There are 2 protein chains.
Amino acid sequence: MDVNVKTEGAAPLLHTHPGFERGANGSCPMRDVLDRIGDTWSLLVIINLQPAPMRFNALRRSIEGISQRMLTVTLRSLERDGLVRRTVRPTTPPEVEYALTDIGQSIAVPIAALGLWAQRNQPLLQQARERFDATNA
Amino acid sequence: MDVNVKTEGAAPLLHTHPGFERGANGSCPMRDVLDRIGDTWSLLVIINLQPAPMRFNALRRSIEGISQRMLTVTLRSLERDGLVRRTVRPTTPPEVEYALTDIGQSIAVPIAALGLWAQRNQPLLQQARERFDATNA
DNA sequence: CCGTATCCATTTGGATACTG
DNA sequence: CAGTATCCAAATGGATACGG
């Protein structure tokens, strides 16, 4: 099992993973999309909106720990990227409903897959972490 | 507890998405895992290590824009969580090889799915963003 | 009910310089 | 080659107060 790998020529072994290759601007689609939905709350908002549209405060209650400010900021960002649609009904008091767009629904699929992975592997990560911390005491 | 809730359309619809439900500690697996791999560089490191193990500087060259410090920090974090294995060969100069573990390989699958989504939908997000910014000029 | 505005502590991460 | 150490600017995000 000799692993004498000498291939160290800065070999361009990228472009093998769709979405991760770099474009002309030097960034890659994955980096770009992560900059949009890779923050603290976006994925949680998306997944909570996936079954059905929700109003602002209902959404806020269902996402434990999110502040009013961050929910507003997150929703604006998602709306800006076309993942969420905001509908206002000018009643008194006003009702604002948030819903996933078609694109928003489509990204919910791979996100849910990641969620499933997280659920199944969280204990393993926790164990690995404890082992690591114990070893490097 | 808040009972002054007039939930008209919005039903209590959580716990429907695996990995996103909250546990006793108030957090959910998804939140927990995102805190680990949701940073700027982790996903890019994982996807670059997926085809084959790589040495430190080769990895650094293949991830454009990453600083030496952040590559070290990211790799330590991934190693701590058991997603990456670090192998040192005490030669001169030393050779350090990084490889995905089995768990690391397994998370690369949903990540790749997200990458594929990113590749296909980046233009749509960009268009939506420009439309939004134009409207709210 | 659904926000916006302001303030401020914490975190993040690049630049730089230095080691075995 | 593969790091570590230090410094510091910028981004993040909670708390709070106020407005339509």
Side-chain angles (χ1 to χ4, degrees), chain A residues 4-11 26-27 31 34-45 49 53-80 84-99 136, chain B residues 2-10 26-27 31 34-45 48-49 53-80 84-99 136:
Chain A
N4 195 358
V5 182
K6 278 261 182 138
T7 54
E8 156 49 328
S27 76
R31 209 14 322 113
L34 274 181
D35 287 341
R36 289 163 148 102
I37 52 100
D39 58 281
T40 312
W41 301 109
S42 286
L43 293 196
L44 291 172
V45 168
L49 285 180
M54 290 183 83
R55 290 176 57 186
F56 186 86
N57 278 333
L59 199 49
R60 186 180 174 187
R61 278 187 297 271
S62 67
I63 304 177
E64 191 165 4
I66 195 170
S67 65
Q68 188 176 35
R69 193 182 97 92
M70 287 317 296
L71 181 54
T72 301
V73 168
T74 303
L75 285 169
R76 284 290 174 280
S77 171
L78 294 174
E79 187 193 2
R80 189 181 179 218
V84 159
R85 177 171 38 249
R86 179 174 181 268
T87 310
V88 185
R89 274 183 303 195
T91 59
T92 44
E95 296 181 8
V96 182
E97 190 185 71
Y98 292 93
N136 305 40
Chain B
D2 188 7
V3 270
N4 191 8
V5 181
K6 210 167 116 176
T7 51
E8 58 177 275
S27 76
R31 202 33 305 117
L34 274 181
D35 287 341
R36 289 163 147 103
I37 53 101
D39 58 283
T40 313
W41 302 110
S42 286
L43 292 195
L44 291 172
V45 168
N48 273 279
L49 285 180
M54 290 184 83
R55 290 175 57 185
F56 186 86
N57 278 333
L59 199 48
R60 186 180 174 186
R61 278 187 296 271
S62 66
I63 303 176
E64 191 165 5
I66 195 170
S67 65
Q68 187 176 36
R69 193 181 98 90
M70 287 318 295
L71 182 53
T72 301
V73 168
T74 303
L75 284 169
R76 284 290 175 279
S77 171
L78 293 174
E79 188 194 2
R80 188 181 179 218
V84 159
R85 177 172 37 250
R86 180 174 180 267
T87 310
V88 185
R89 274 182 303 194
T91 59
T92 45
E95 296 182 8
V96 181
E97 191 186 71
Y98 291 93
N136 306 41

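If you're wondering where the values come from, they're calculated on a predicted model, not measured in any experiment. Quick note: numbers below take in every heavy atom, side chains included, and nothing from hydrogens, waters or symmetry partners. Naming: A, B, ... by sequence-line order, numbering from 1 per chain.
As rounded to whole Å, 12 Å separates atom P of C:dC2 from atom CZ of A:Arg76. At whole-Å resolution of the value, CG in A:Leu59 and C1' in C:dC1 are 14 Å apart. Rounded to a whole Å, the CG atom of A:Asp35 is 14 Å from the C1' atom of D:dT12. Rounding to whole angstrom units, CD of residue B:Glu95 and P of D:dG3 are separated by 12 Å. Between the C1' atom of D:dG14 and the CD atom of A:Glu64 lies a distance of 16 Å, rounded to the nearest Å. In this entry the distance linking CG of A:Leu71 with P of C:dG3 reads 8 Å, nearest Å. Here D:dG3 presents its P atom at 13 Å from CZ of B:Arg89, a figure rounded to the nearest Å. In this structure, CD of A:Glu97 is placed 15 Å from P of C:dC1, rounded to the nearest angstrom.
The CG atom of B:Asn48 sits 6.0 Å away from the CG atom of B:Leu59 when rounded to the nearest 0.5 Å. From A:Ile63, atom CD1 reaches atom OG1 of A:Thr74 across 8.0 Å, with rounding to the nearest 0.5 Å. Between the CD atom in A:Glu95 and the CZ atom in A:Arg55 there is a gap of 4.0 Å [rounded to 0.5 Å].
Ranking D:dA2, C:dC1, C:dG14 by closeness to the A:Asn57 side chain, first place goes to C:dC1. Each of D:dG3, C:dG3, D:dG14 was ranked by its minimum atom distance to the side chain of B:Thr72; first place goes to D:dG3. Taking the side chain of B:Met70 as heavy atoms from C-beta on, and the options C:dG3, C:dG13, C:dC1, the nearest nucleotide is C:dG13. Closest contact between the side chain of B:Arg86 and the listed nucleotides D:dT4, C:dG3, D:dA2 involves D:dA2.
Note on A:Arg55: every side-chain N or O is 4.0 Å or more away from OP1 and OP2 of C:dC1. Between C:dG13 and B:Thr40, a contact under 4.0 Å exists linking OP1 or OP2 to a side-chain N or O. When the side-chain nitrogen and oxygen atoms of A:Arg60 are compared with OP1 and OP2 of C:dC2, none of them lie within a distance under 4.0 Å. Listed pair A:Tyr98 / C:dC1 fails the phosphate criterion, with no side-chain N or O lying under 4.0 Å from OP1 or OP2.
Looking at residues two or more places apart in sequence or on another chain, you find a side chain to side chain contact (heavy atoms under 4.5 Å, CB included) between B:Arg60 and B:Asn57, B:Ile66, B:Gln68, B:Leu71. For B:Pro94, there are no side chain to side chain contact (heavy atoms under 4.5 Å, CB included) partners at least two apart in sequence or on another chain. A:Arg86 meets the side chain to side chain contact (heavy atoms under 4.5 Å, CB included) test with A:Arg76, A:Glu79, A:Val88, A:Val96, A:Tyr98; sequence neighbours excluded.
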Close N/O contacts between protein and nucleotides 15-20 of chain C (under 3.5 Å):
none

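Overall, the helix from C:dC1-D:dG20 to C:dG20-D:dC1 carries an axis bend of 50° between its ends, with five pairs at each end and the value rounded to 10°.
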Please report, to 0.1 Å, the donor-acceptor pairs under 3.5 Å made by any side chain of residues 36-45 of chain A, with sequence neighbours excluded.
unit_1: A:Arg36; atom_1: NE; unit_2: A:Asp81; atom_2: OD1; d: 3.1
unit_1: A:Arg36; atom_1: NE; unit_2: A:Asp81; atom_2: OD2; d: 3.4
unit_1: A:Arg36; atom_1: NH1; unit_2: A:Asp32; atom_2: OD1; d: 3.0
unit_1: A:Arg36; atom_1: NH1; unit_2: A:Asp32; atom_2: OD2; d: 2.5
unit_1: A:Arg36; atom_1: NH2; unit_2: B:Gln126; atom_2: OE1; d: 3.4
unit_1: A:Asp39; atom_1: OD1; unit_2: A:Ser42; atom_2: OG; d: 2.6
unit_1: A:Asp39; atom_1: OD2; unit_2: A:Trp41; atom_2: N; d: 3.1
unit_1: A:Asp39; atom_1: OD2; unit_2: A:Ser42; atom_2: N; d: 3.2
unit_1: A:Asp39; atom_1: OD2; unit_2: A:Ser42; atom_2: OG; d: 3.2

